[in-house]
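Everything below concerns the one structure shown next.
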Amino acid sequence: MRVYLDNNATTIVDPQVKTVMDPFFSQIYGNPNSLHAFGSESHVDLNNAMEKIYAGIHAPKMDSVVITSCATESNNWVLKSIYFDYIMNGKKDHIIISEVEHPSIIATAKFLESIGVKVTYLPINEEGLIEAKTVRDNITPKTALVSVMWANNETGAIFPVQEIGDICKEHGVLFHTDAVQAIGKVPVDVQSFNVDYLTFSAHKFHGPKGVGALYIKKGKEPSPLFHGGSQMGGLRSGTLNVPGIVGMGKAIELAVDALDFDMPDVKELRDRLEDALLEIEDTFVVTPREKRTHNTILISFRGVEGEAMLWDLNKSGIGASTGSACASEDLESNPVMEAIGAADDLAHTAIRFSLSRFTTEEEIDYTIGVVKDAVKRLRGISSSYAYTPKNHESAL
Ligand code: C6P
């Protein structure tokens, strides 16, 4: 059996999304900026897709939703443009991010630090959560931007972006949220709270890879990262990814619908998996269920190296991860576990299971059996895990 439980890394393209994209590869393939019929043929579908994308995040028409190649690009764009627009000219010198942002924020912030920008990294608490008051405590008159993700990709922890947005507004500071793990998991309405920039990426909600977006509130348009063309109102040059945009439109429509219809089922399956795994002795989950997205579990099995567990799972056809796919090759311990100050023996044992609306009960029951066997086997050969009949029994 093959079971895909790494949906925070990427998701299967929904067949309905693939169907609407298909004509735009070899039937309707003109450049939408060309003046002939080949170019204009895609305009109606592009407009419809953009309408769906605006509707998916409740963006008003006067604001911009600029299509990018991925969330990494959107995140780089926000931070670097803040440097060009507010810091380079000496008006401000400081940005605030959290210490558990995605590498596309952390690495960009570190780059900016290397050229003189002051960066504050907000801590998380023992539940893996950001406390909004830490934002207030760290804002200075020189702060240009606060960037805090909506939902964490490792734990699923949902951060208080509404409160953080209010604090930013009170202090006249721009607010960006990386909502990559929020779309399709929580209702996203940019008009319901104060937010200037919001990032998302289609492949996290059953859309295609290679297409993302940045929502920009009217009047807060950043300097472009890419110059050269008039596409996207000159804010993001480059030939439009027509199949990608059409696919993202359909995908966000389905993802928002699924919030009502499929989310309760996904949550039930996630809880079934989590309940069964927590029966194993010496097993820990950091963030309480009601404070994280309904599809995610980051769980530590004491004495079981994350990579060894992944190996066993992979042999049995199960795809999970030790955390963010972008950092999977460095074999470092999980950054969230490090940030909460977990002891080394736990930080190296974190495994992320992330479900989707395509996950089945049969797959979850199979996974429970495989994980229990793997924990038993790996603890049995571990030199660091103290064997006791009690904890051995619980893994059976
Ligand atoms: N996180 C994960 O395994 P791209 O790949 O550019 O479309 O998305 C980047 C990105 C940005 N922000 C968050 C919160 C994310 O989770 C991701 C992608 C994957 O967790 C791959 S590293």
Side-chain angles (χ1 to χ4, degrees), residues 4-13 53 57 66-80 97-109 122 124 128-130 147-159 161 164 176-186 188 195 197-215 225-226 236 241 244-245 247-248 251-252 255 287 292-293 295-298 306-307 310 319-337 339 350-356:
Y4 185 70
L5 293 177
D6 201 10
N7 287 280
N8 286 7
T10 196
T11 56
I12 185 172
V13 173
I53 296 167
I57 59 167
V66 176
I67 304 301
T68 60
S69 62
C70 60
T72 298
E73 181 189 327
S74 303
N75 286 346
N76 268 262
W77 182 16
V78 174
L79 266 64
K80 288 175 181 167
I97 67 168
S98 85
E99 61 181 350
V100 293
E101 294 300 306
H102 183 265
S104 55
I105 292 283
I106 303 246
T108 307
L122 299 174
I124 49 171
L129 298 167
I130 302 277
S147 178
V148 172
M149 66 203 327
W150 193 320
N152 183 265
N153 50 315
E154 320 255 2
T155 54
I158 297 171
F159 295 151
V161 289
I164 295 174
H176 167 240
T177 187
D178 173 346
V180 164
Q181 301 289 345
I183 303 271
K185 299 183 186 139
V186 295
V188 173
V195 61
Y197 309 106
L198 181 140
T199 290
F200 53 103
S201 191
H203 72 105
K204 306 291 186 179
F205 49 88
H206 304 290
K209 294 169 186 57
V211 57
L214 182 67
Y215 158 80
L225 194 58
F226 298 171
R236 202 278 186 181
N241 172 359
I245 297 169
M248 180 153 73
I252 201 162
T287 306
R292 62 184 137 99
T293 47
N295 76 320
T296 306
I297 311 173
L298 183 72
E307 280 74 24
L310 282 193
S321 64
T322 49
S324 167
C326 297
S328 62
E329 283 170 21
D330 59 19
L331 298 185
E332 296 290 323
S333 56
N334 183 286
V336 176
M337 299 297 285
I351 294 283
R352 177 180 74 178
F353 295 101
S354 45
L355 287 67
S356 83

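Counting convention: from 1, in listed order, for ligands and their atoms alike.
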- Message: Please check this pair: side chain of T108 against backbone of S104, looking for a donor-acceptor N/O pair closer than 3.5 Å.
- Response: yes
- Mark up the atoms of ligand 1 that fall under 4.0 Å of a heavy atom belonging to D178, in ascending order. 11 (C), 12 (N), 13 (C), 14 (C)
- Message: Show me which atoms of ligand 1 lie under 4.0 Å from any heavy atom of A9.
- Response: 2 (C), 3 (O), 19 (C)
- Message: Can you confirm, on distance only, whether ligand 1 has an N/O atom lying under 3.5 Å from any N/O atom belonging to S104?
- Response: no
- Task: Just jot down the ligand 1 atoms closer than 4.0 angstrom to any heavy atom of V180, in number order.
- Result: 11 (C), 12 (N), 13 (C), 14 (C), 15 (C), 16 (O), 17 (C)
- Which of the ligand 1 atoms, numbered from 1, are nearer than 4.0 Å to a heavy atom of M149: 14 (C)
- Message: Tell me whether E101 contacts the main-chain N or O of M149 through its side chain, where contact means a donor paired with an acceptor under 3.5 Å.
- Response: yes
- Message: Checking E73 now: which residues fulfil salt bridge (Lys or Arg N to Asp or Glu O under 4.0 Å) with it, not counting sequence neighbours?
- Response: R236
- Item | T72 neighbourhood, listing ligand 1 atoms whose heavy-atom distance to it stays under 4.0 Å | 4 (P), 6 (O), 9 (C)
- Message: Side chains of R292 and T287 only: does a donor on one sit below 3.5 Å from an acceptor on the other?
- Response: no
- Message: Show the atoms of ligand 1 that are less than 4.0 angstrom away from any heavy atom in R352.
- Response: 2 (C), 3 (O), 20 (O)
- Where the side chain of D178 meets the backbone of H102, is there a donor-acceptor pair that is under 3.5 Å apart? no
- With sequence neighbours excluded, give me every salt bridge (charged side-chain N to carboxylate O under 4.0 Å, His left out) pair touching residues 200-209. none
- Under a 4.0 Å heavy-atom limit, does E73 contact ligand 1 with its side chain, its backbone, both, or neither? neither
- Query: Is it true that a side-chain atom of Y4 and a backbone atom of D6 form a donor plus acceptor pair closer than 3.5 Å?
  - Reply: yes
- Message: Under 4.0 Å from a heavy atom of H203: which atoms of ligand 1 are those, numbered in the order shown and with their elements?
- Response: 4 (P), 5 (O), 7 (O)
- For ligand 1, which part of N8 has a heavy atom less than 4.0 Å away: the side chain, the backbone, both, or neither? backbone
- Quick one: do T296 and N8 satisfy side-chain hydrogen bond (donor to acceptor under 3.5 Å, both in side chains)? Show the steps, please. CA-CA 8 Å; T296 306; N8 286 7; 3.1 Å; yes
- ligand 1-proximal atoms of S201, by part, heavy-atom distance under 4.0 Å: side chain
- Backbone N or O of C70 within a donor-acceptor pair of the T68 side chain at under 3.5 Å? yes
- Pick one of side chain, backbone, both or neither for how E154 approaches ligand 1, counting any non-hydrogen atom pair under 4.0 Å. neither
- Message: Using a 4.0 Å cutoff against the non-hydrogen atoms of Q181, which atoms of ligand 1 qualify?
- Response: 14 (C), 15 (C), 16 (O)
- Item | Region of K204 that comes within reach of ligand 1 [heavy atoms, distance under 4.0 Å] | side chain
